Chemist: 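Quick one: this structure, given as structure tokens, is what I'll be asking you about.
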Protein chains: 2
Amino acid sequence: MAERKATGARVAVAVTILTVHEGTLQVLLLRRGAPPFDGWWALPGGLLPAGVTLDEFAAGKLAGETGVREVFLEQLYTFTEPPEPTAPPAATVAYFALVEHGVATLRAGEWPTRWWPVADHPPLAFTNDEVVRVAVARLRGKLEYTNAAYSLLPEKFTFAQLQRTYEAILGRPLDKRNFYRRILSLGLIEPLDEHLKVGAHRPAALFRFRRRQAEFLSPR
Amino acid sequence: MAERKATGARVAVAVTILTVHEGTLQVLLLRRGAPPFDGWWALPGGLLPAGVTLDEFAAGKLAGETGVREVFLEQLYTFTEPPEPTAPPAATVAYFALVEHGVATLRAGEWPTRWWPVADHPPLAFTNDEVVRVAVARLRGKLEYTNAAYSLLPEKFTFAQLQRTYEAILGRPLDKRNFYRRILSLGLIEPLDEHLKVGAHRPAALFRFRRRQAEFLSPR
DNA sequence: CCAAAAGTGTTCAATCTACACCCATGC
DNA sequence: GCATGGGTGTAGATTGAACACTTTTGG
């Protein structure tokens with residue numbers, strides 16, 4: 001902090017809210033109804049008010065769009081925006097969040113919102129395309145060594161549900177037995193004394209995450 | 001970006017410049033000569049001017065303090081600063097850089113600067129203590145799977161120099177043979193047809209990094 | 001008894017860790 | 001010839017990947 005020149009730089013926040021639904025990783029987008037980028041799809045966000053921390057503001061945006069609190073929410077990266085030195089905001093602090101699809105209720109705010117498959121969404125305003133790409137890459141990495149998925153599943157779930165969630169995010173099939181072993185050896189989840197009967201086949205044991213909070217693991 | 005309220009938030013940049021010297025990981029600090037935090041030690045940085053990207057501004061700060069360009073420089077994290085909602089700046093985008101000790105020439109700027117061991121430096125202004133902690137943690141991680149160390153060593157170096165650099169950063173001794181194998185198998189460095197004679201013992205082969213630019217590696 | 005999803009072990013290859021001696025040189 | 005740092009291999013343990021059959025249930 002050597003200098004304190006006057007400046008026009010502003011801070012914006014953008015939140016990449018991800019969910020898994022019908023075997024697909026999806027992102028919450030809203031359609032802007034005003035310039036800049038009028039009519040484009042964009043991530044929820046806005047300019048950071050004074051006196052609010054970034055984390056608080058991002059959590060508020062998430063709650064405002066989905067009604068969801070206390071989920072996985074993590075800072076991603078800060079982008080200079082726009083890339084051409086024209087107008088504010090100068091910096092966009094990107095966050096990403098993971099929500100259970102069934103719990104999120106899209107609160108029609110100022111502008112219409114909907115879920116889009118991350119593999120196939122319209123071009124986005126600002127540098128939001130890159131934000132989403134980075135968020136998905138980070139999520140894939142985090143799955144390997146954190147309990148991030150707790151935020152995408154109900155409290156009780158079957159192993160098959162967990163595996164399908166992982167597969168949707170990673171975009172590839174996983175070996176059932178190896179997946180069992182790996183997840184259990186990480187100590188992320190614990191079995192319950194309950195089984196779920198669905199249809200004409202063997203009932204599935206239910207599990208839950210030991211901790212439904214962001215958690216890091218042993219040295220990998 | 002749903003909303004565009006007026007705001008007082010400002011963007012600052014802070015650069016954690018690290019080097020290894022005499023077996024110790026050190027950080028470049030400057031002593032502030034004006035409020036806020038008059039008389040405290042702090043990271044180089046400042047408020048982001050309009051029309052400049054974060055990366056450009058961080059690179060400029062680095063060059064201004066050390067005269068060094070084209071080194072490892074990477075965004076770290078964005079902190080809300082100060083934690084209490086009092087005064088601007090609202091967000092500090094932290095970067096970290098790695099410089100070769102011998103090449104950096106501290107350009108006495110506005111305020112006095114010096115290298116401090118990261119393990120033992122005075123308390124810092126703003127949230128800079130946390131910035132340094134996070135930077136060191138990130139560096140330790142990056143060493144394992146990137147060529148980041150290129151930026152801490154001269155173009156030609158011996159394996160022992162490389163190992164001592166790693167050990168200084170990680171803070172623990174490494175097994176010489178395992179270190180040889182691991183580094184070579186990563187393909188980061190290549191042997192030169194030169195040897196360095198120093199003192200009364202076997203001359204050491206010289207190596208260089210294949211690429212003296214930030215580079216990621218295979219899937220780890 | 002058939003269809004459907006749940007649940008479960010073993011083998012092989014690759015990687016990581018621990019560990020100790022000889023080599024080349026200058027004095 | 002000795003002191004100094006340079007350079008090298010092997011064995012055991014751990015980890016990750018591939019792979020197929022039996023169990024439980026409802027209809």
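Just so it is clear: chains get the letters A, B, ... in the order the sequence lines come, proteins before strands, and each one is counted from 1. These figures come from a predicted structure and were not determined experimentally.
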Chemist: Tell me whether the count of non-hydrogen atoms from other residues, nucleotides or ligands lying under 6.0 Å of CZ in A:Arg69 goes above 12.
Modeler: no

Chemist: Whole angstrom is fine here: how far is it from CD in B:Gln161 over to P in D:dG5?
Modeler: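 Whole-Å distance recorded here is 14 Å.
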
Chemist: Taking it one step at a time, do B:Val68 and B:Glu100 satisfy side chain to side chain contact (heavy atoms under 4.5 Å, CB included)?
Modeler: CA-CA 9 Å; B:Val68 168; B:Glu100 187 189 336; over 6 Å; no

Chemist: At under 4.0 Å between heavy atoms, what does A:Arg182 touch on the DNA or RNA strands: base, sugar-phosphate, or nothing?
Modeler: nothing

Chemist: Find out whether A:Val13 and A:Tyr95 are in side-chain contact, i.e. whether some heavy atom of one side chain is under 4.5 Å from a heavy atom of the other.
Modeler: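 Touching, per the 4.5 Å side-chain cut-off.
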
Chemist: So, does A:Gln161 use its side chain to make a donor-acceptor pair with the main chain of A:Thr158 at under 3.5 Å?
Modeler: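 Pair found, side chain donor or acceptor close to backbone of A:Thr158.
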
Chemist: When the ring centroid of A:Phe72 is compared with that of A:Phe96, is the distance short of 6.0 Å?
Modeler: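 That pair passes the under 6.0 Å test.
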
Chemist: Is atom CZ of A:Arg210 surrounded by more than 12 heavy atoms (other residues, nucleotides or ligands) closer than 6.0 Å?
Modeler: yes

Chemist: Are A:Arg208 and A:Glu190 ion-paired here, with the side-chain N under 4.0 Å from a carboxylate O?
Modeler: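 Judged by the 4.0 Å cut-off on N to carboxylate O distance, A:Arg208 and A:Glu190 do form a salt bridge.
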
Chemist: Find which nucleotide of DNA chain C each of A:Ala205 and B:Lys176 is nearest to by heavy atoms, and output the residue with the more 5' nucleotide.
Modeler: A:Ala205

Chemist: Under a 4.0 Å N-O cut-off, is there an ion pair linking A:Arg138 with A:Glu74?
Modeler: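 Counted as a salt bridge, because a side-chain N and a carboxylate O are separated by less than 4.0 Å.
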
Chemist: In whole angstroms, how far is the P atom of D:dT15 from the CG atom of A:Leu186?
Modeler: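 Roughly 11 Å, once rounded to whole Å.
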
Chemist: Just how far, in rounded Å, is C1' of D:dG9 from CG of B:Asp175?
Modeler: 12 Å

Chemist: Which comes earlier along DNA chain D counting from the 5' end, the contact point of B:Asn178 or that of B:Ala160, where each point is its nearest nucleotide?
Modeler: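 Closer to the 5' end of DNA chain D: B:Ala160.
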
Chemist: Let me know the distance between CD of B:Gln163 and P of D:dT8, rounded to the nearest Å.
Modeler: 14 Å

Chemist: Any side-chain N or O of B:Tyr180 less than 4.0 Å from the OP1 or OP2 oxygen of D:dT8?
Modeler: no

Chemist: On DNA chain C, which is the earliest and which the latest nucleotide, 5' to 3', with an atom closer than 4.0 Å to a heavy atom of chain B?
Modeler: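 Both ends considered, the range comes out as C:dT17 to C:dG26.
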
Chemist: Out of D:dG9, D:dG7, D:dT24, which nucleotide sits closest to the side chain of A:Pro203?
Modeler: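 Looking only at side-chain atoms, A:Pro203 lies closest to D:dT24.
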
Chemist: What does the list of N/O pairs under 3.5 Å between the protein and nucleotides 1-4 of chain D look like, with a distance for each?
Modeler:
{"unit_1": "D:dT4", "atom_1": "O2", "unit_2": "B:Ala200", "atom_2": "O", "d": "3.1"}

Chemist: Using a strict 4.0 Å threshold on nitrogen-to-oxygen distance, state whether B:Glu194 and B:Lys156 make a salt bridge.
Modeler: yes

